[in-house]
Amino acid sequence: MIDRASYFAAKLAYETDPGDVYLAQRRGESPVIIDVRSSEAWAQGRVAGAVHMHYSEIPARAPLEIPRDAEVIVYCWSPGCNAGAKGALAFSELGYSVREMIGGYEYWVREGYPIENIEGVFRFPVDPTTGVPRIRTHA
């Protein structure tokens with residue numbers, strides 16, 4: 001039987017959240033952020049700087065496009081979508097160090113972090129039920 005501390009330590013080893021990903025970017029770290037959603041979802045908007053790779057394409061594309069030593073972070077739509085877990089599994093099976101961004105694109109947007117689409121990079125206002133607007137006043 002696994003103890004609680006081990007469970008939560010493992011959970012944090014395999015998951016991250018939008019705030020931690022954004023903070024890592026601000027610190028100059030360069031995780032490879034993979035959007036595993038459909039092409040239509042990608043076109044609508046995505047985490048600024050993300051790479052589009054539908055989870056079903058990972059086994060064929062990742063070895064050719066993503067360095068083996070990269071820190072990989074995958075995301076899908078929201079907490080109600082399991083494509084992120086499918087993507088994380090596919091990267092794991094290839095031997096990558098990968099984490100799933102819990103909350104997905106929905107919480108990235110709701111927390112006011114940069115998104116992009118064909119029109120450029122922009123942000124939506126912070127949803128006060130998920131983030132503190134006064135903290136997110138910088139770029």
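What's counted below: heavy atoms across the whole structure, side chains too, no hydrogens, waters or symmetry copies.
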> Rounded to the nearest 0.5 Å, what separates atom CE in M53 from atom CD1 in I58?
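Going from the CE atom of M53 to the CD1 atom of I58 covers 6.5 Å.
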> Testing the basics here: between V36 and C76, what is the closest heavy-atom pair and its distance to 0.1 Å?
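Nearest pair, atom of V36 first, then C76: CG2-CB, 4.1 Å.
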> Using atom types as modelled and distance alone, determine if a side-chain donor or acceptor of D3 lies under 3.5 Å from a backbone N or O of S6.
yes
> Distance from L89 atom CG to L94 atom CG, nearest 0.5 Å?
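Taking CG in L89 and CG in L94, the distance rounds to 9.5 Å.
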> Quick one: list whatever passes ring-ring contact (aromatic ring centres under 6.0 Å, His included) with Y14, sequence neighbours left out.
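Partners of Y14 by the ring-ring contact (aromatic ring centres under 6.0 Å, His included) criterion come out as none, since no residue qualifies.
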> On a heavy-atom basis, which atom in V98 and which in A88 lie closest, and how many Å separate them?
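Heavy atoms of V98 and A88 come nearest at CG1-O, 3.5 Å.
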> Any chance CD of E119 has more than 12 other-residue heavy atoms, nucleotides or ligands included, within less than 6.0 Å?
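Open: at most 12 neighbouring heavy atoms sit under 6.0 Å from CD of E119.
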> Quick check: closest heavy atoms across R68 and P63, and the distance to 0.1 Å?
NH2-CB, 3.9 Å
> Between the side chain of R37 and the main-chain N/O of A83, is any donor-acceptor distance below 3.5 Å?
no
> Same cluster or not: are V21 and V72 linked, directly or through other Ile, Leu, Val, Met, Phe, Trp or Tyr residues, by side-chain heavy atoms under 4.5 angstrom apart?
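V21 does not cluster with V72.
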> Mind listing the closest non-hydrogen atom pair of A48 and V121 along with its distance?
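The answer is CB-CG1, 4.3 Å.
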> Between R99 and E71, does the side chain to side chain contact (heavy atoms under 4.5 Å, CB included) criterion hold? Intermediate values first, please.
CA-CA 8 Å; R99 290 184 292 159; E71 177 191 358; 2.4 Å; yes
> Cut-off 3.5 Å, side chains only: do R4 and Y7 have a donor facing an acceptor?
no
> Decide whether V109 and Y107 are clustered together by the hydrophobic rule: side chain heavy atoms of Ile, Leu, Val, Met, Phe, Trp, Tyr closer than 4.5 Å, transitively.
no
> Are V51 and V47 co-members of a hydrophobic cluster defined by side-chain heavy atoms under 4.5 Å apart?
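Different clusters.
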> Taking everything shown except F124 itself, do over 12 heavy atoms lie less than 6.0 Å from its CZ?
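No, not enclosed.
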> Identify whether W77 and V74 are in the same connected component of the hydrophobic contact network (ILVMFWY, side-chain heavy atoms under 4.5 Å).
no
> Check whether any side-chain heavy atom of I34 lies under 4.5 Å from a side-chain heavy atom of Y75, and answer yes or no.
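Not in contact.
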> Between the main-chain N or O of P79 and the side-chain N or O of E106, is there a donor-acceptor pair closer than 3.5 Å?
no
> Nearest 0.5 Å, please: how far is CD1 in I33 from OG1 in T16?
9.5 Å
> Does Y96 use its side chain to pair, donor to acceptor, with the backbone of I66 at less than 3.5 Å?
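Checking the backbone N and O of I66 against the side chain of Y96, a donor-acceptor pair under 3.5 Å is found.
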> To the nearest 0.5 Å, what is the distance between NE2 (H54) and NE2 (H52)?
7.0 Å
> Would you compute the distance between atom CD of E111 and atom OG1 of T129 and round it to the nearest 0.5 angstrom?
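Here the interatomic distance stands at 9.5 Å.
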> Do you know the tightest heavy-atom contact between P59 and Y55?
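Of all heavy-atom pairs spanning P59 and Y55, the closest is CD-O, 4.0 Å.
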> Over all heavy atoms of both residues, which pair between W108 and P18 is shortest? Give the atoms and the distance, please.
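Closest pair (atom of W108, atom of P18, distance): CZ3-O, 3.6 Å.
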> Within this structure, what is the SG-NZ distance for the pair C81 and K86, rounded to the nearest 0.5 Å?
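Here the interatomic distance stands at 7.5 Å.
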> Using modelled atom types and a 3.5 Å cut-off, is there a donor and acceptor pairing between side-chain atoms of Y105 and backbone atoms of A41?
no
